[in-house]
Amino acid sequence: MADAVRPAHQGGDYVFKPHERPFLAGSPATPDHPARRKLGYLLIGIYLAILGGFQNGLLLANLPGLQGHLALTSVEAGWVTVAYNMTNACMSILLFKLRQQFGIQRFVRIAMATLLLANFVQLFDAGYRIELVSRGISGIAASGLSTLGIYYLMQGLPAKARIAGVLIGLGLSQIALPLARAISPALIAGGDITHLFDLQFALSLMAFGMVFILPLPPGEIEKAFEKLDLVTFPLLAIGMGLLCAFLVQGRIQWWTTPWLGWALAGAILLIGAAFLIEHNRANPMLHTRWMTSKDIVIFASTGALMRVLLSEQGFGAGGLLTTVGMINDQLVTYYWIITGATFIGLVVLIARLDTSDLQRPLLVALALIAVAAFVDTQAGLLSRPENFYWTQAMMAFAAIYFIGSAMMEGLLRALAQGMQYIISFIAVFSLSQTLGGLAGVAGLAAFQTIRAKVHLMDIGRELTLSDPAVAQAIQLRAAAYNGTIADPVLRQASGAGQLVQQAGRDAAILAFNDMFFLIGIIASLAFAAILAKWIYNRRRGINPLAKELEALASIMGGAKE
């Protein structure tokens with residue numbers, strides 16, 4: 001059933017041609033637009049896709065500034081991150097069914113309303129609780145914007161290239177992350193973070209105007225929601241929220257904090273209950289048998305592992321540069337280079353994508369990660385952003401090059417099973433990426449902390465006052481306080497404190513190098529395993545997606561008839 005029969009570009013009733021009809025319920029039709037309208041859709045799609053990534057990028061880039069502005073503890077700042085991720089992780093599932101049930105136009109109104117609301121409440125600078133609510137709504141808005149950007153891009157591309165709209169939309173949202181870090185220092189140059197809130201609201205107002213000036217064509221609707229969805233989705237959403245809280249707060253409050261164990265147990269119980277209900281439903285929202293099949297488990301595990309490895313960029317290189325004293329103003333060029341490398345990765349992905357060989361981009365990505373990680377093990381106290389330009393550009397290229405091919409593989413596997421499997425694919429892909437990213441930072445942070453303590457103990461055993469070199473180092477540092485501290489005992493203590501601080505920095509840098517080495521080893525092992533499988537398939541002429549491509553071709557052929 002169509003939710004409307006009048007496309008945006010027609011003055012009267014209009015009957016869609018067979019090739020113009022929506023591919024599935026909940027998506028817009030694809031009429032034959034004139035060239036100027038196509039360009040308009042394309043430009044709006046680019047804007048919306050970047051804006052969707054900006055919601056998270058600006059949060060990550062300015063979290064320290066936000067923490068200082070609102071006088072938050074590290075634990076409270078962690079809850080701001082949890083608020084965004086817990087809503088963003090699952091909302092794509094709910095929004096997909098909402099589009100099917102109520103149509104694309106209502107979806108657009110909901111996406112725009114949540115975006116405006118999230119950024120409007122921040123203008124009042126009302127404090128921590130409002131910030132939590134705003135970030136939670138932002139997670140919903142970002143999920144809707146990403147989908148909306150893809151739909152607009154597909155309207156603006158030729159019919160043969162529409163599938164590229166999915167990759168472009170996904171890629172632009174990834175480009176927005178380093179781009180947000182590159183422009184953030186200019187936004188808060190005067191130390192006033194409210195300029196950031198003003199920008200976000202202005203960007204959301206522009207998006208609101210764009211989608212209503214040039215709306216998407218109508219689509220078709222069908223009954224999508226069932227009563228059991230009202231049970232399954234809350235269980236899944238609350239479980240994922242608890243899991244996000246566990247992963248974020250675990251590295252802040254440390255893993256031995258008692259309530260974290262209860263949060264993890266609750267997450268497992270609630271997510272398990274949701275999956276149990278879905279497993280036994282006649283018409284499930286999530287096809288658990290497909291989601292737990294060998295190919296999909298490998299697909300999800302690989303995607304999550306890649307997010308863990310790619311955490312080397314944000315937590316690893318970024319954390320090390322912070323340790324050696326670099327601030328955001330000194331990292332602008334660094335993030336512009338990462339932005340450029342991400343863009344190049346997107347271009348190469350689209351130009352070189354081959355559905356008959358989706359493992360090759362994964363191999364290239366793993367090789368780049370391994371090389372970059374091993375090179376970064378040479379970092380030291382004198383390392384500066386320019387020492388990481390090439391390695392982090394490689395990481396950025398690998399991130400986008402991998403995620404595009406991974407999404408294409410999962411989409412092909414889902415479409416080959418039938419349209420009803422799209423929600424299951426969305427769940428697998430979004431959860432593996434979100435939870436993989438959070439787990440990557442959490443795991444690497446724990447590893448780095450433990451290794452830093454080990455290195456500090458090793459350094460501490462060598463710092464004895466009986467060592468002439470240590471005594472001289474303390475004296476040199478104490479001499480710096482001659483003009484400010486009259487008491488020689490206090491000067492000596494201050495000099496010793498300075499030496500201990502330097503030892504702590506040295507230990508932290510050594511721990512980061514250990515972490516880089518670990519990432520390099522894991523990436524190398526994964527590369528070797530996947531390369532062996534790839535060579536085996538190539539020599540025997542086996543395409544792992546042959547059945548899926550054949551089934552999809554049959555579906556598409558039937559749809560055209």
Side-chain angles (χ1 to χ4, degrees), residues 55-56 59-60 63 72-97 114 118 128-143 228-279 284-286 288 291-292 297 300-301 303-305 307-308 311 315 423-424 426-446:
Q55 295 297 300
N56 188 33
L59 168 63
L60 294 175
L63 191 57
L72 305 181
T73 65
S74 57
V75 172
E76 289 172 329
W79 283 117
V80 175
T81 303
V82 172
Y84 177 89
N85 284 286
M86 68 189 297
T87 55
N88 185 255
C90 292
M91 283 309 299
S92 54
I93 301 172
L94 184 62
L95 292 176
F96 183 88
K97 300 205 80 168
T114 54
Y128 175 56
R129 289 182 176 83
I130 294 299
E131 183 64 25
L132 285 177
V133 173
S134 173
R135 291 304 174 177
I137 300 173
S138 291
I140 301 172
S143 182
L228 273 178
D229 293 340
L230 301 177
V231 178
T232 299
F233 184 79
L235 289 174
L236 185 64
I238 296 172
M240 288 299 171
L242 289 173
L243 192 54
C244 288
F246 170 79
L247 292 172
V248 173
Q249 292 293 351
R251 67 186 180 90
I252 297 173
Q253 302 187 41
W254 201 242
W255 308 100
T256 54
T257 304
W259 75 264
L260 288 173
W262 290 107
L264 179 60
I268 294 172
L269 179 63
L270 292 172
I271 295 171
F275 273 69
L276 182 63
I277 293 171
E278 291 297 297
H279 193 74
M285 178 174 65
L286 301 175
T288 54
M291 293 172 69
T292 55
V297 169
S301 300
L305 174 64
R307 296 314 306 176
V308 171
S311 297
F315 175 77
I423 293 182
S424 300
I426 292 173
V428 170
F429 184 77
S430 62
L431 294 179
S432 68
Q433 294 302 295
T434 300
L435 296 180
L438 292 176
V441 173
L444 293 178

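All residue numbers in this chain count up from 1 along the given sequence. Computed over heavy atoms, backbone and side chain alike; hydrogens, waters and symmetry mates excluded. This structure is a prediction, so every number in the text was calculated from the model and none was measured.
- Under the side-chain contact (heavy atoms from CB on, under 4.5 Å) criterion, Thr73 pairs with Val75, Glu76, sequence neighbours left out.
- To the nearest 0.5 Å, atoms CG (Asn85) and CE (Met240) are separated by 12.5 Å.
- Heavy atoms only, all atoms of each residue included: Ala245 and Leu260 are closest at O-CD2, 4.3 Å.
- Contacts of Ser424 classified as side chain to side chain donor-acceptor pair (under 3.5 Å), with partners at least two apart in sequence or in another chain: His287.
- A search for side-chain contact (heavy atoms from CB on, under 4.5 Å) contacts involving Leu235 returns Val231, Leu270, Ala273, Ala274, Ile277, not counting sequence neighbours.
- In this structure, Ser432 has no side chain to side chain donor-acceptor pair (under 3.5 Å) partners at least two apart in sequence or on a different chain.
- Listed by chain and number, the residues in a ring-ring contact (aromatic ring centres under 6.0 Å, His included) with Trp255 are Phe246 (sequence neighbours excluded).
- Residues satisfying the ring-ring contact (aromatic ring centres under 6.0 Å, His included) test with Phe233, not counting sequence neighbours, are none.
- Distance OG1/Thr81 to CG/Leu247: 12.0 Å, rounded to 0.5 Å.
- The shortest non-hydrogen separation linking Thr87 to Ala83 is OG1-O, 3.3 Å.
- Results of the side-chain contact (heavy atoms from CB on, under 4.5 Å) test with Leu243 over Ile238, Val248, Leu264 single out Leu264 as the only residue that passes.
- Atom CD1 of Ile137 and atom CG of Leu132 lie 11.0 Å apart (nearest 0.5 Å).
- Residues satisfying the side chain to side chain donor-acceptor pair (under 3.5 Å) test with Thr288, not counting sequence neighbours, are His279.
- Under the side-chain hydrogen bond (donor to acceptor under 3.5 Å, both in side chains) criterion, the residue pairs touching residues 241-252 are Gln249-Gln253, with sequence neighbours excluded.
- For Trp259, the ring-ring contact (aromatic ring centres under 6.0 Å, His included) partners two or more places apart in sequence, or in a different chain, are Trp79.
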